[in-house]
Amino acid sequence: MKDALRELLLHALDTLRQDGVLDASVPPFVIERTRSREHGDFACNAALLLAKTLGRKPREIATALVAAMPASKLVARTEIAGPGFINFFLSDAAWHEAIRRALHEGAHYGHSRSGADRAVGIEFVSANPTGPLHVGHARAAAIGDTLARLYSATGWKVYREFYYNDAGAQIQNLALSVQARIGGIEPDDPRWPADGYRGDYIKDVAKDYLAGATAVAGGEQVTAGRNPDDLDAIRHFAVTWLRREQDEDLRAFGVAFDVYFLESSLYVDGKVQQVVDRIASQGHSYEADGALWLRATEFGDDKDRVMRKSDGTYTYFLPDVAYHLSKWERGYKHAITELGADHHGSLTRVKAGLQALDIGIPKDWPQYVLHQMVTVLKGGEEVKISKRAGSYVTLRDLIDMAGLDATRYFLIARKSDSQLVFDIDLARSQTNDNPVYYVQYAHARVCSVHRQMHERSIVFEQHEALKHLDRLGGEHARTVMVEISRFPEIVEAAAASHEPHLLAQYLRELAGAFHVWYNAEQFLVDDEGLRNARVALAYATRQTLANGLGMLGVSAPESM
RNA sequence: GCGCCCGUAGCUCAAUCGGAUAGAGCAUCGGCCUUCUAAGCCGACGGUUGCUGGUUCGAGUCCAGUCGGGCGCGCCA
């Protein structure tokens, strides 16, 4: 709808240019939904922007633009208002078009081709296999997966990637912790390993190891060696065991990855070495104190960073650079890395490393989406402990307490760079306080109407119904139509700005508009034309809700 | 001390890459069920957008400073 108005304006600009009124430049004008009905349905600031460059009064330019604009059946009238806005008042036909599109496009309504099948790699969660996924990972999973769905919906070829560290110190700590448990050592025992993992799940791993159990994950099947002294066997088993657990939790959360990328593969392939050599050959490194340093300060970091420690091993960020290089080489001209904000310090480092390769990677690649902390609230008090994990609340805890739908919705309902309070009681509540139920209920209500029609043998012919949309009257129906027409814009904006919360917010507004209308008017009336028009709008609403909820990974129940 | 994020109604949060009179929900108070689900709807109350300057036709939004909260500043990951 916005695009149609933009066409009209571009046409008008062209005409004025030919008449010599304007110069060749096209101002970056915006067409936006107005806040107030008095200002029409859409407003455009083109005249205000042109006034600056032309040195003329904005209202004069607006008048000329309006005069040069071709007629359209979508536009009932225009007005020039305020300092020089052009306000568009749309015709009923324009809103009816939204119903037609929603019904004709069905499950594709709100989708677009703006991505043009370009590839985008979205990395998220990337938890180490040393314990169950926690609330931070849960937020990462919800944000990353919703972003992936939004990118798919806007025509991108999306690859979801999960990167994990399957070697290194943390994994060693894991193996030592399991070994300790195998030996019956408790976390408060003096013999407990220094940075051991204290959660109860370590006990389960130890038990399964001793029982000779088999763990399957990442295409690998590992049977426990049962030998308490074989640390390598313990490590291998524990990693696979925890990966399986994480996989199960992610599956339960409705998240599936296309690529699981192992840090160890970067060593096997020589990718890490390749990165070091390349940076050195480009003159961006030096040796000092027995270590190899990256001149990160050349690339905007506030200090130089160690790449290879004096003990010969690499710091974690080198494989990170190698991993991102792999993404680049695999063709992700667009790459998004979703991280907890506590890792933001590593961004500059990784980008510095990528720049130091001198292979033409853009400075702003990859794009980052950071999320802030999650606080879990229950009974008005902060929950910090999970029995299973010890010091943190897990993704599994959230799903168990609040359910899949509420958990996903709540975790993306807030802008990712503000801190989030997850109120378990609210998420569980089946009342109008709970936005998830509110939205789902709107969907269920339309389904209920649908069932009623079936029971009363009322026939609905879509083709016929669409001829009678002018029977729809009143503010409430109009508001619903306007909301439905916004959906494609919301999807586009949420994807482009990496702000999935816009979609959650929008669905609540659409549901609200629907509930108001539903409450005010009876759909199943005797007048067939009117009834069909109303049912068509109800179905269009249902379709839009279902599509939107689908993009959030939240179910759209037929009854509640 | 340095860097990043956030300060908007009593509470939780919005505000469409600078737009017009800053919006929802909850809470509080008052109304609406012989009608397709009252898990709903209607109304009232509620604001110096932390503070001070600046930029311009216009600032919650951008800039400088300041106060408050969070996170990060390892040859840890």
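Not measured: the values here are computed from a predicted model. Below, read A as the first sequence line, B as the second, and so on, with proteins coming before strands; counting in each chain starts at 1.
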Asker: Does the aromatic ring of His39(A) sit over the six-membered base ring of A20(B), closer than 5.5 Å centre to centre and tilted less than 30°?
Answerer: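 Stacked: centres under 5.5 Å apart, planes under 30°.
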
Asker: Do Asn45(A) and A20(B) share a donor-acceptor pair, side chain to base, under 3.5 Å?
Answerer: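 Answer no: no donor N or O sits under 3.5 Å from an acceptor.
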
Asker: So, is Lys303(A) near the phosphate of G3(B), with a side-chain N or O under 4.0 Å from OP1 or OP2?
Answerer: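 For Lys303(A), the contact criterion (side-chain N or O under 4.0 Å from OP1 or OP2 of G3(B)) is not met.
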
Asker: Give the rounded distance in Å between these two atoms: OH of Tyr368(A) and C1' of G3(B).
Answerer: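 After rounding, the gap between these two atoms is 16 Å.
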
Asker: Between U16(B) and Arg33(A), is there an OP1 or OP2 to side-chain N/O distance shorter than 4.0 Å?
Answerer: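 Negative; the distance criterion is not met.
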
Asker: Rounded to the nearest Å, what distance is computed from the CG atom of residue Leu426(A) to the C1' atom of nucleotide A27(B)?
Answerer: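 Spelled out: CG on Leu426(A) to C1' on A27(B) is 12 Å.
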
Asker: Side-chain N or O of His498(A) less than 4.0 angstrom from OP1 or OP2 on C17(B)?
Answerer: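 It does not, given that no N or O in the side chain of His498(A) lies less than 4.0 Å from OP1 or OP2 of C17(B).
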
Asker: With a non-hydrogen cut-off below 4.0 angstrom, is Ala520(A) in contact with a base, only sugar-phosphate, or nothing?
Answerer: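 Nothing, no heavy atom under 4.0 Å.
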
Asker: P atom, C63(B) versus C45(B): distance in rounded Å?
Answerer: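 My reading of the P atoms in C63(B) and C45(B) gives 37 Å.
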
Asker: Any chance the side chains of His515(A) and Tyr438(A) put a donor and an acceptor closer than 3.5 Å?
Answerer: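 No, no side-chain donor-acceptor pair sits under 3.5 Å.
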
Asker: Using a cut-off of 4.0 Å on non-hydrogen atoms, how would the nucleic acid contact of Ala43(A) be classed: base, sugar-phosphate, or nothing?
Answerer: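 Base contact.
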
Asker: I'd like to know if His344(A) reaches the base of G3(B) with its side chain, counting only an N/O donor and acceptor under 3.5 Å.
Answerer: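 Yes.
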
Asker: Whether Arg508(A) contacts C13(B) is assessed here as follows: a side-chain N or O lying under 4.0 Å from the phosphate OP1 or OP2. Is that the case?
Answerer: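 Answer is no, no contact under 4.0 Å.
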
Asker: Whole Å only: how far is the CZ atom of Arg35(A) from the C1' atom of G18(B)?
Answerer: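 Roughly 11 Å, once rounded to whole Å.
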
Asker: Hey, is Phe85(A) stacking on G19(B)? Ring centres under 5.5 Å, planes under 30°.
Answerer: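 Aromatic stack with G19(B) absent for Phe85(A).
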
Asker: Can you tell me the base-pairing partner of C4(B)? Count Watson-Crick or G-U wobble geometry only, both distances below 3.5 Å, and say none if there is no partner.
Answerer: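 Across all strands, the one nucleotide that pairs with C4(B) is G70(B).
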
Asker: Using atom C1' of each nucleotide, how far apart are C51(B) and A59(B) to the nearest Å?
Answerer: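 These two C1' atoms come out 16 Å apart once rounded.
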
Asker: Under the 6.0 Å and 45° cation-pi test, does Arg428(A) pair with Tyr437(A)?
Answerer: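 Pair Arg428(A)/Tyr437(A) does not count as cation-pi.
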
Asker: Using a cut-off of less than 4.0 Å, is there contact between a side-chain N or O of Lys309(A) and OP1 or OP2 of C76(B)?
Answerer: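 For Lys309(A), the contact criterion (side-chain N or O under 4.0 Å from OP1 or OP2 of C76(B)) is met.
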
Asker: Does G72(B) have OP1 or OP2 sitting under 4.0 Å from an N or O in the side chain of Thr348(A)?
Answerer: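 No, no such contact exists.
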
Asker: Measuring only between side-chain heavy atoms, which start at C-beta, is Phe410(A) closer than 4.5 Å to Leu426(A)?
Answerer: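 In contact.
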
Asker: Considering every strand shown, what is the Watson-Crick or G-U wobble mate of A39(B) when both distances are under 3.5 Å?
Answerer: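 Its partner is none (no Watson-Crick or G-U wobble pair with both distances under 3.5 Å).
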
